[in-house]
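Quick note: residue numbers are just sequence positions, from 1.
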Amino acid sequence: MEFSKLSPMAVLFSFFVFSLLLTPSFAAKKPYVVLLGSHSHGLEISEVDLQRVANSHYRLLGSLLGSTKKAKDAIFYSYKKHINGFAAVLEEEDAAALAKHPEVAVVLADEMMKLHTTHSWGFMHLERKNSSIPSSAWGKARFGEDTIIANLDSGVWPESMSFRDSGIRKPIPSRWKGSCEQGFPCNRKLIGAKFYNEGYMAYMRNMNPNFNVSTVANSARDDAGHGSHTLSTAGGNFVAAKNVFGSSGFGMAKGGSPKARLAAYKVCWGSNVGCPGADILQGLDDAIHDGVDVVSYSIGGVIVPYYQDFFAIASFQAVKNGISVVCSAGNAGPGPGTAVNLAPWLFTVGASTLDRRIVAAVQLNNGQRFQGSSLSKGLPEEKYYPLISGGQAAAGGAYINDAMLCKAGALDPAKVKGKILACMRGETARIDKGTEAAKAGAVGMILCNDQRDGEGTYSDMHVLPATHIGYQASLAVFDYLDNTQNPMAYLVPPSEKFDLKPAPTMADFSSRGPNVITPEIIKPDITAPGVNIIAAYTQSHGPSEDPSDGRRVPYMTMSGTSMSCPHISGVVGLLKTLHPDWSPAAIKSAIMTTARVRDNTMSPMIDGGSPRGDPATPFSYGSGHVQPVAAMDPGLVYDLTTEDYLNFLCALGYDWSMIRAFSDDTPYDCPPSASLLDFNYPSIGVQNLNGQVTVTRKLKNVGSPGVYRASVRRPEGVAVTVEPRVLRFENVGEEKSFSVTLAGKLPQNAVVDGTLIWSDGKHFVRSPIVVSSGSFI
């Protein structure tokens, strides 16, 4: 079918874009990560200890390469503190031989990971309306005071007002062992800033032997904007009366833990390049040693088994040291099985909407008006302009579908000049389409969703007047174009609206479960605001990132699970301050079991990735939308220890050669009773139900004494029995076990969900139940 023979309306219905994956040719040598298991350092790690570990790495590799000198030349990172291993540039055959060495747990080719790219805290009820801030839940948790949040990302723009130390009078916590790079303007708020680029340079030299390493910045300064945005969302200080480019977002900007101390570990080198695994591991190893409490990680890679996932292995060491690791689920939704960062010790976050929307309407000359989203300025005067589609504006020789996408070089300026251009979303960045429209002479742009994109729209800061509309509005616009002789339109300047309903809804882009590695562990774990989030930004370039864009904005809207992840990191920071003795698993449970699954109309949350507006499921929101206030007093928690996680790996059938990457040099004896169904997770997943299955769980009292009773919303077609149905707790820290028996035979390939709630009348400890008749995957 040729797009050139289709009307704009028909193009909208039949528009599909296929991505081309380009595989580079690699040189003979390339970077590898070699992991040996964890260290057995004492409480204090001396320089002698670190040198001893480095020397052991040189000896190990030198025994293969023929000399210690060759090993030192090959190794560019020696992970010496908590992660045990090294990163080196090796021949493929040397890497294969190293993998067979008895001291080596795993050898992995270095992977280039990708970034997962204000009012939200009020929407989450952290601050009360018509009351002073100290009386809010924030005040109860002392605003996350002295919790240290580490951000593994693209660095930080330290001059942002979000990173000022005003109002922070106490000295830096004495447990902090980290530092800032020389000359970096740190303070009592931003207490750490380091950069890691050896892996990036090794990767680039492998891609191009003539790569000029002098072009790589030796600085933690954020040139991308992503790191400043995520770090300020997690723990930025209070910044009054800030707005986004003078158009919207008025009010006080702040992070989830506004009095937390912050540390930036720059491991990512631009949204178009990525984040080398070798650099990530060195940053994480330092963060663990430096004394952080929370690691925020809005990055993801490919899905591999846990024993081959170097971030899963490295983050295990963080959790073992009492550090909560919060990760983004990814932006590959709404397809099933797309979520990443799947290990159960990771806190995996999906993205959902707020009840605030920055709206910018398109007015057609036939009287129809459709609300869209935008942060760009309005048209210079209120009048109608000619309207044309990208396909109608195709340059000679250009593919019609490229023109519909408003790709570079695909538009004819003679056809576009002075008109409003309707562009299809997809394949290229949304903001890039506006740049191309402006270069072609358009006065404005309408960014249109196809059926796959649904109704999700985003407030981008385009270089020209623009609005982004959903699928149904796009149908109407293209119908108007298709059936009107002289179509005209007007773009209304953007304005801000609150208390929109329904909210939250799941973002269409948010990656979904099921967990393709361990379906019994429902992922993502939670959802949080991740659409049109306002936070700090870099001053090194304009919001479009186009060299011709001379604008500089201190605060910027961004969307992605990258933005939802630091929301949870900020909440974790509050709980760390309020409950310093809670384990990462207890904090995770408190947030998961107090989440909500209904929107502000008290209806089930909607899946924004569904064209029909279907209800969302645990495969999109996990346990639900975060409620920070309830999480501060959950009543009961599902707790887990390092031994529990190792038993989880045993239940997967991992042998010592696989488990040693997570453990130390002492072989771990797997108990014969290790079972995935009995892993003490705050959610319950059972696949291939055909008859009867019993799972066991254990609850710990972290509140006042009380009697908790079980209630169940059973999955359709499944009988659920809880034994015992009543749990009596008399002391803090007391633990009680119970079992849940699920019985039934579902239709072929059915997936159903329900809920288990334990309540004493004040607390409601909620766990989702997901059951299938076949494999989730």
Side-chain angles (χ1 to χ4, degrees), residues 3-15 247-248 357-395 400 403-406 410-426 430 433-451 453-460 462-497:
F3 280 104
S4 60
K5 296 180 180 179
L6 297 177
S7 68
M9 183 72 168
V11 168
L12 184 64
F13 277 112
S14 59
F15 191 79
S247 60
S248 190
R357 189 178 178 194
I358 303 168
V359 298
V362 54
Q363 178 90 30
L364 303 181
N365 202 26
N366 64 359
Q368 290 183 294
R369 183 185 178 104
F370 304 102
Q371 292 288 7
S373 301
S374 180
L375 266 174
S376 60
K377 293 182 178 180
L379 287 165
E381 56 181 308
E382 187 174 346
K383 71 173 187 177
Y384 288 97
Y385 292 83
L387 176 65
I388 189 173
S389 74
Q392 293 169 331
I400 298 298
M404 287 295 297
L405 288 163
C406 296
L411 301 171
D412 184 347
K415 299 176 182 177
V416 174
K417 188 176 180 179
K419 299 181 176 68
I420 294 174
L421 184 66
C423 299
M424 290 301 303
R425 178 181 169 190
R430 298 185 303 270
K433 297 176 188 297
T435 301
E436 293 304 319
K439 288 178 179 178
V443 298
M445 179 187 71
I446 304 171
L447 182 59
C448 301
N449 282 356
D450 64 10
Q451 186 174 11
D453 296 321
E455 300 304 318
T457 60
Y458 304 97
S459 299
D460 296 314
H462 295 284
V463 298
L464 80 172
T467 188
H468 181 192
I469 59 176
Y471 174 59
Q472 294 299 326
S474 298
L475 287 176
V477 167
F478 276 86
D479 181 63
Y480 173 68
L481 274 167
D482 207 23
N483 294 287
T484 305
Q485 187 171 0
N486 295 303
M488 306 280 284
Y490 169 65
L491 298 178
V492 181
S495 61
E496 194 171 35
K497 291 190 176 182

Discussion item. I'd like to know if the side chain of Glu455 reaches the main chain of Gln472, judged simply by a donor and an acceptor atom lying under 3.5 Å from each other, with no hydrogens or angles considered.
Written reply: yes
Worksheet item: How far apart are the C-alpha atoms of Val359 and Ser495, what are their side-chain angles, what is the distance that settles it, and do they pass the side chain to side chain contact (heavy atoms under 4.5 Å, CB included) test?
Response: CA-CA 5 Å; Val359 298; Ser495 61; 3.5 Å; yes
Practice prompt. State, yes or no, whether a side-chain contact exists between Ile469 and Cys448 at a heavy-atom distance under 4.5 Å.
Written response: yes
Worksheet item: What pairs with Glu382 under side chain to side chain donor-acceptor pair (under 3.5 Å), at least two apart in sequence or on another chain?
Response: none
Distance-only donor-acceptor pairs under 3.5 Å for side chains of residues 483-491, two or more places apart:
{"unit_1": "Asn483", "atom_1": "ND2", "unit_2": "Asp479", "atom_2": "O", "d": "2.8"}
{"unit_1": "Asn483", "atom_1": "ND2", "unit_2": "Asp479", "atom_2": "OD1", "d": "3.0"}
{"unit_1": "Thr484", "atom_1": "OG1", "unit_2": "Tyr480", "atom_2": "O", "d": "2.7"}

Worksheet entry | Rounded distance (nearest 0.5 Å) linking atom CD1 of Ile446 with atom OG of Ser374 | 11.5 Å
Worksheet, complete the sentence: Residues Arg425 and Gly456: closest non-hydrogen pair is NH1-O, 3.3 Å
Response to the item:
Heavy-atom nearest pair, Leu447 first then His468, reads O-CD2, 3.3 Å
Discussion item. Using the rule side-chain contact (heavy atoms from CB on, under 4.5 Å), only one of Leu379, Val362, Thr467 pairs with Ile420; which is it?
Written reply: Leu379
Discussion item. So, taking the atom named CE in Met445 and the one named OG1 in Thr435, what distance separates them when rounded to the nearest 0.5 Å?
Written reply: 8.5 Å
Worksheet item: Who pairs with Asp412 by side chain to side chain donor-acceptor pair (under 3.5 Å), at least two apart in sequence or on another chain?
Response: none
Worksheet entry | Under 3.5 Å: donor-acceptor pair, side chain of Asn449, backbone of Thr457 | no
Worksheet item: Counting N and O atoms only, with roles assigned by atom type, does the side chain of Lys415 sit under 3.5 Å from a partner on the main chain of Leu411, one being a donor and the other an acceptor?
Response: no
Worksheet item: Sulfur to sulfur, is the gap between Cys406 and Cys423 shorter than 2.5 Å?
Response: yes
Worksheet item: Which heavy atom in Met404 sits nearest to a heavy atom in Ser389, and how many Å separate them?
Response: SD-OG, 4.3 Å
Worksheet item: Given the rule in the side chain to side chain contact (heavy atoms under 4.5 Å, CB included) test, do Leu364 and Leu387 qualify, once you have shown the distances and angles that lead to the verdict?
Response: CA-CA 9 Å; Leu364 303 181; Leu387 176 65; 4.2 Å; yes
Practice prompt. Please identify each residue that fulfils side chain to side chain donor-acceptor pair (under 3.5 Å) with Lys433, with sequence neighbours left out.
Written response: Thr428
Worksheet entry | With sequence neighbours excluded, residues passing side chain to side chain donor-acceptor pair (under 3.5 Å) with Asp460 | Arg430
Response to the item:
Residues Met424 and Asp450: closest non-hydrogen pair is CE-CB, 3.6 Å
Worksheet entry | Minimum heavy-atom distance Ala361-Gln371, with the two atoms named | CB-OE1, 3.6 Å
Worksheet entry | With Ala442 via side chain to side chain contact (heavy atoms under 4.5 Å, CB included) - residues at least two apart | Val416, Leu421, Ala437, Leu464
Worksheet entry | Heavy-atom pair of closest approach, residues Ala466 and Ala360 | O-CB, 4.2 Å
